[in-house]
Trainee: 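Questions regarding the structure given below will be posed in turn.
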Amino acid sequence: MTQIKLLLGDEAIAEGALQAGIKGVYAYPGTPSTEITEYIQHAAAARDNGIHCTWSSNEKTAMEAALGMSYAGCRSMVCMKHVGMNVAADAFVNAAMTGVNGGMVVVAADDPSMHSSQNEQDSRFYGKFAMIPILEPSTQQEAYEMAVYAFALSERENLPVLLRITTRLAHSRAAVRIRAGRTEPAKRPVADDPSSWVLLPANARRKNAALTEKQTRLELLSGENPLFKVLLSERPSGKGIVTCGTGYNYVMENGAVEAGFHLMKIAQYPVPTERVREFAGRCGSILVVEDGQPFLEEQLRGIVGGGYPLKGRLTGDLPRTGELNPDNVAAAMGIEKSPVLRVPEGVVPRPPALCQGCGHRDVYIALNKVLADYPAAKVFADIGCYTLGALPPFCAIDTCVDMGASITMAKGAADTGLHPAVAVIGDSTFTHSGMTGLLDAVNDKADITVVISDNLTTAMTGGQDSAGTSRFEAICVALGVEKEHVRVVVPLAKNMDEITRTIREEIDYRGVSVIIPRRECIQTLARKRRREMSKNNQETAK
Amino acid sequence: MKKDIILSGVGGQGILSIATIIGDAATSAGLNLKQAEVHGMSQRGGEVESGLRLSDTEIHSDLVPLGAADIILSMEPMEALRYLPFLHEGGFVVTSSSPFRNIDPYPEEAVRAALAGLDRVITLDLDGITRTNAIPQSANVVLLGAAAGIIGILSPEQLQQSIRNIFAAKGERVVEMNLKAFEIGREYGGRQ
Ligand code: SF4
């Protein structure tokens, strides 16, 4: 029995994982991956089967918990945005060394064109680096199928499997055929093999040799993936296309096969070298169409050799950076398009902004007021809605680099004598990666002022629970910040005098101080109100 | 048959609800559908866009190609204009004429002139309409109503049914309000 559902790529992966009988999903919210975990959190199947699905503090804790679940013999999934892979990299790469017991699937959602991210890194490089199989779906249906397949593959090969998607698939909706029911994976005993799981050098060397030796086999498997395809044109022009992921959709949209292109669609990595070599032999030239960095193109260059006419992002036939779309792919295929309407004069960009009434606004107004008296001040900010404080009218922050960097960069700068060094970090980002940095600052008695702008939620990604809610004062004091220098204010215009006074006092204190402006995100607040209202509505209707 | 629709507006204006209604109708009618959404940072009062593709044959690309859209359906006049390169020659623009002024200066005159210069355009004073009819929450459904006559691949009745399906969970009052909004939109759309 199948059922048809209209699903985002993210949601299709969640369905696949539920189908495969996972025991838990571990994740930290991050666009465009958030909806995978949210879908499982709302699924009846998750409640009925006691599937773990609460948020983790960060991607590393998530990855390790997933590995622990696998160790205990159950299927686990861990989801993150591409930059989350950096946070989890230590656990990820070493999970390839230990191998798995229950199937373990890592989902990385890349963000070409940086719709909601600070870089364009391509997670496939991580998969190759860890030497594990990578799956790359093209459509929502394939996302579902591959998620199911990934767990079986992981258990068969005794390795974690990376499922790589991009924003366009993650956040696009289409009908997906879902098979009814849930597979009960074969029961596995808890792992009992310290020689695999204790990565002492002697064990690690052996595991490394085994993993390296497995690569040839993994390549063969990539060529046998049911979603790997070779489509031969009936009117061959001598030109070929090798594509993967969403790139395949754009190539098909432009009628590649009818236009005379032979087509190869890669669904799994490591790249199936022999299949590629054979395909290249059938074509006089190859265009590589892939969303993300030229991962495939670089490897194909190695396979076909320097003299072979290979085109793609590196040759400028496709844009070197940014997302693919049907139009830039058409151009690379040599398809002429008629001219289109222009955007009229006067239409200007509309950048995002902090919501009207948001507490972060009051924080920046206060900071700007105070820091006007300290021309040498630098504000080291972090990742979240409050990064928008960089834009007018606030122009209030000087840096934003990675999760948690506010506190540690402020500390490093303060170590040179820079004063005032102010860190601005959100509540959720603080528990993600700020706490350890604060400990460094305390241990060195660094002269920094940390503002933990607490809106009681993970707002940027849509209002998920934040790991430290209602415990921030206790956490800071426990890390060694002096009690009298942990100050709480309510960021509202009417409290402006108190807020600016507090900031001034803590800047003038030449040690670690923490100011916590605390007021709920007005979006989560409004959502709560709406939920209550519609509940009341329904009750009156009854 | 196939229809490509660009939905646009400012983050928070409810364009995804329009997509949800059309999506439900399309699935019930057995059509193929692809809908590319925007989540994340741009939802904070920035420009947002969602491409909606409906077809009785297979759809490959999640994104609408340039010059391919049949309709631009916009909750905000400048946001309608931003996506004109996606419209094909005979395509329609259906848009609110009420500016969302969260940028300074807002190019009032340029926007008005550009809209007036379009061949096939339906404009609605959504702020005024929702105020007079006391349906402040349903501006997006008024807009959908105004476009109902030109979507073609789905009938107004099919869309009505989907409004019922989608809002049912929120109670009968909300369903009625949105059906009313849809009718008001149809009337305005029919006049232009
Ligand atoms: S979503 Fe919440 S935290 Fe983010 S800008 Fe809006 S009110 Fe502020």
Side-chain angles (χ1 to χ4, degrees), chain A residues 4-6 8-9 31-32 34-35 111 115-117 139-140 167-175 246 248-254 323 325-327 329-330 337-356 385 387-388 460-462 523 534 537-538 540-541, chain B residues 10-12 19-20 23-24 26-27 31-47 51 58-68 76 78-79 81-89 91 100 102-103 105-107 109-111 113-115 117 169-174:
Chain A
I4 293 184
K5 292 188 185 176
L6 210 48
L8 296 176
T31 314
T34 314
E35 292 81 358
D111 190 17
H115 297 280
S116 223
S117 308
T139 63
Q140 292 76 358
T167 303
R168 206 42 71 186
L169 177 59
H171 284 170
S172 175
R173 218 174 271 281
T246 43
Y248 172 74
N249 305 339
Y250 305 134
V251 167
M252 294 299 282
E253 177 82 19
N254 286 303
E323 203 180 10
N325 59 46
D327 304 300
V329 170
K337 290 251 190 160
S338 36
V340 294
L341 292 171
R342 278 216 305 254
V343 181
E345 286 296 309
V347 171
V348 289
R350 192 190 305 261
L354 290 168
C355 303
Q356 292 303 325
C385 286
T387 314
L388 294 170
M460 180 84 232
T461 44
Q523 295 293 349
S534 78
N537 275 352
Q538 273 171 315
T540 26
Chain B
V10 178
T20 309
D24 181 80
T27 325
L31 292 173
N32 293 311
L33 170 136
K34 283 216 164 189
Q35 181 203 334
E37 301 177 0
V38 183
H39 298 212
M41 189 169 254
S42 45
Q43 281 176 302
R44 306 271 165 277
E47 55 208 49
E58 189 177 1
I59 307 165
H60 291 289
S61 167
D62 296 273
L63 292 172
V64 176
L66 290 170
E76 210 277 346
M78 183 169 77
E79 296 312 319
L81 298 172
R82 192 184 306 285
Y83 301 100
L84 278 182
F86 287 93
L87 198 65
H88 68 63
E89 250 172 69
F100 191 97
N102 64 348
I103 38 171
Y106 184 96
E109 256 326 299
V111 167
L115 273 182
K170 298 193 170 168
E172 192 52 27
R173 270 227 323 264
V174 179

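In the text below, chain A, chain B and the rest are named by the order of the sequence lines, each starting its count at 1.
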Trainee: When you compare the side chain of B:Glu37 with that of A:Ser172, does any pair of heavy atoms fall below 4.5 Å?
Mentor: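 Of all side-chain heavy-atom pairs linking B:Glu37 with A:Ser172, none is under 4.5 Å.
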
Trainee: Check salt bridge (Lys or Arg N to Asp or Glu O under 4.0 Å) between A:Glu345 and all other residues, then give those that pass, not counting sequence neighbours.
Mentor: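 Here no residue qualifies.
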
Trainee: Using non-hydrogen atoms and a 4.5 Å limit, figure out which bit of B:Asn32 sits close to chain A: side chain, backbone, both or neither.
Mentor: neither

Trainee: Taking all atoms of both residues into account, what is the closest heavy-atom pair of A:Tyr250 and A:Val329, and its distance?
Mentor: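 Residues A:Tyr250 and A:Val329, closest heavy atoms: CB-CG2, 3.7 Å.
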
Trainee: Looking only at heavy atoms and a cut-off of under 4.5 Å, which of B:Asn102, B:Thr27, B:Val64 has the most pairs with chain A?
Mentor: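 Highest number of pairs under 4.5 Å: B:Asn102.
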
Trainee: Hey, which of A:Gly462, A:Ala175, A:Pro351, A:Ala170 has the most heavy atom pairs under 4.5 Å with chain B?
Mentor: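 Among A:Gly462, A:Ala175, A:Pro351, A:Ala170, the one with the most close pairs to chain B is A:Pro351.
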
Trainee: Distance alone, cut at 3.5 Å: any donor-acceptor contact between the side chains of B:Ser61 and A:Asn249?
Mentor: no

Trainee: What part of A:Asp327 gets within 4.5 angstrom of chain B, counting heavy atoms only: side chain, backbone, both, or neither?
Mentor: side chain

Trainee: Find the one option among B:Asp24, B:Leu33, B:Leu81, B:Leu66 whose heavy-atom pairs under 4.5 Å with chain A are most numerous.
Mentor: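 Top count of heavy-atom pairs under 4.5 Å with chain A: B:Leu66.
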
Trainee: Nearest heavy-atom pair of A:Asp111 and A:Pro32: which atoms, and what distance?
Mentor: CB-CD, 4.4 Å

Trainee: The criterion is salt bridge (Lys or Arg N to Asp or Glu O under 4.0 Å); which residues satisfy it with A:Glu35, sequence neighbours excluded?
Mentor: none

Trainee: Can you say whether A:Gln356 sits under 4.5 Å from chain B via the side chain, the backbone, both, or neither, judging by heavy atoms?
Mentor: neither

Trainee: Taking every heavy-atom pair that is under 4.5 Å apart, which of B:Gln35, B:His88, B:Met78, B:Glu58 has the most such pairs with chain A?
Mentor: B:Gln35

Trainee: What pair of heavy atoms forms the shortest contact from A:Gln140 to A:Gly9, and how long is it?
Mentor: CG-N, 3.8 Å

Trainee: Heavy-atom cut-off 4.5 Å, strictly under: side chain, backbone, both or neither for A:Leu354 against chain B?
Mentor: neither

Trainee: What part of B:Phe100 gets closer than 4.5 Å to chain A, counting heavy atoms only: side chain, backbone, both or neither?
Mentor: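 Contact with chain A is through both the backbone and side chain of B:Phe100.
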
Trainee: Between A:Ala174, A:Ser338, A:Pro326, A:Ala330, who has the most heavy-atom pairs with chain B when the cutoff is under 4.5 Å?
Mentor: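 Ranked by heavy-atom pairs under 4.5 Å with chain B, first place is A:Pro326.
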
Trainee: Between A:Val340, A:Leu341, A:Leu8, which has the largest tally of heavy atom pairs under 4.5 Å with chain B?
Mentor: A:Leu341

Trainee: Kindly give the heavy-atom pair with the smallest separation between B:Pro107 and A:Gly346, and that separation in Å.
Mentor: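 In terms of heavy atoms, the two residues are closest at CG-O, 3.1 Å.
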
